[in-house]
> 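Right, I'll just put the structure down here and ask away after.
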There are 2 protein chains.
Amino acid sequence: MGRPQMSGEDNLLRLVEAEDGDENNYHLQDQVGFILRKAHQRHVSIFASHIGDLTPPQFAALAKLYDIGETSQNQLGTLIAMDAATVKGVIDRLKARGLVELAKHEVDKRRLLVNLTAEGREAIERLIPLARTITEETLAPLTAKEAATFLRLLAKLA
Amino acid sequence: MGRPQMSGEDNLLRLVEAEDGDENNYHLQDQVGFILRKAHQRHVSIFASHIGDLTPPQFAALAKLYDIGETSQNQLGTLIAMDAATVKGVIDRLKARGLVELAKHEVDKRRLLVNLTAEGREAIERLIPLARTITEETLAPLTAKEAATFLRLLAKLA
DNA sequence: TCAAATTCATTCGTATGCAAATGATATCAG
DNA sequence: CTGATATCATTTGCATACGAATGAATTTGA
């Protein structure tokens, strides 16, 4: 309890602040950032337990390519919320595994087009059902109604 | 819209699945993991805009040490939800900046004790008010009631 | 007691994640 | 038309994040 090395002045301060709503009593576990980080960690762990050979960002890239088809690396990054440096690493690793293929844009020579390979398409089709399970397990501590509320509010923050 | 390279068989499949609740229509942006990742990214960005010289994990370490006083590196990691390898890096960097100091445990020679320096204590006392601002800004898209609901449900998931 | 299991810390390897700088290309404005 | 801007991609550097392996120290249990 309390802060260590608490001096007499600190005790006095505490009394004053108690009248003011205990403002100095900062608890990390009540902060939205800390809980958000832990919830995210838990989800990543659940993801890994169901899909061991792909990370959530890699899955996101494949799922988005499956949804929209060939697109530029930069545009893909925008759609899956990754900056250019991050998306490059993700795509490089997917390419190394033969799940996506790259091509130069014929008109705009700056652009690098990304698309699923046949193998990548098979993989994402196989994995999407597992992703539904992962979502369910992540939300399992909530009732259906709570989960709906949570997703609505979370979307407002994202 | 729809999947690229859609064949006649795929169109047939779509009709069948439409009767079954459109199960094949997987959208990344509706998945809790993806939204959680984006909400977390947004929070980190808000954090950085207010506290530029410390990361959220570094802040968490200092705040926890301020709360509970000297503890072992391993125990600190448990309290701030970081594995041993991660917490070591965080503490190493805080040590290099003179915000924490390390000492060997006299009885249990495996343990490495971590504590705030005077400078570290000053820093965290100065930063805690900013952390409250960060929390407020992160939750700003929600009403007070929504924020309370959100935090309650998020805690259940973390 | 003492071998087995556990705990604490470190190290290595891999994978995000982002800021900043750079180079190539494309677009815009005067 | 052309210089200023903007966009796309890459690279570098730093900071989490975690699995797995390792070594040292402690605790457990037969």
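Note that the coordinates shown come from a computational prediction; the quantities given were computed from them, not determined experimentally.
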> Using whole Å, what does the distance between atom P of nucleotide C:dA19 and atom CG of B:Asp53 come to?
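It is 16 Å, rounded to the nearest whole Å.
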
> Calculate the interatomic distance between A:Leu102 atom CG and D:dC8 atom P; express it in whole Å.
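Atom CG in A:Leu102 sits about 17 Å away from atom P in D:dC8.
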
> Please enumerate all residues that pass salt bridge (Lys or Arg N to Asp or Glu O under 4.0 Å) together with B:Lys88, with sequence neighbours excluded.
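B:Lys88 satisfies salt bridge (Lys or Arg N to Asp or Glu O under 4.0 Å) with B:Asp92 once adjacent residues are dropped.
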
> Would you kindly give the CD-to-C1' distance between A:Glu106 and D:dC8, to the nearest whole Å?
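Checked: the CD to C1' distance equals 16 Å.
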
> Quick one: salt bridge (charged side-chain N to carboxylate O under 4.0 Å, His left out) pairs with a partner in residues 29-49 of chain A, sequence neighbours left out?
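Not a single pair qualifies under salt bridge (charged side-chain N to carboxylate O under 4.0 Å, His left out).
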
> Which whole-number value in Å describes the distance from B:Phe47 CZ to C:dA19 C1'?
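Between C1' of C:dA19 and CZ of B:Phe47: 17 Å.
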
> What string of B, S and - do you get for nucleotides 10-21 of chain D, 5' to 3', if B is base contact, S is sugar-phosphate-only contact and - is no contact with any protein heavy atom under 4.0 Å?
BB---SBBBB--

> To the nearest Å, give me how far apart CZ (A:Phe59) and C1' (C:dT16) are.
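That distance rounds to 17 Å.
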
> List every contact pair, protein side and nucleotides 25-27 of chain D side both N or O, where the distance is under 3.5 Å.
residue : atom : partner  : partner atom : Å
D:dT26  : OP1  : B:Val107 : O            : 2.9
D:dT26  : OP1  : B:Lys109 : N            : 3.2

> State which residues pass salt bridge (Lys or Arg N to Asp or Glu O under 4.0 Å) with A:Glu119; sequence neighbours excluded, sorted by chain then number.
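With sequence neighbours excluded, A:Glu119 shows a salt bridge (Lys or Arg N to Asp or Glu O under 4.0 Å) to no residue whatsoever.
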
> Could you state the NE2-P distance from B:His105 to D:dA24, rounded to the nearest angstrom?
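Those two atoms, NE2 and P, are 20 Å apart.
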
> Residues two or more places apart in sequence or in another chain: which of them pass salt bridge (Lys or Arg N to Asp or Glu O under 4.0 Å) with A:Lys104?
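If we apply the salt bridge (Lys or Arg N to Asp or Glu O under 4.0 Å) test to A:Lys104, skipping adjacent residues, there are no hits.
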
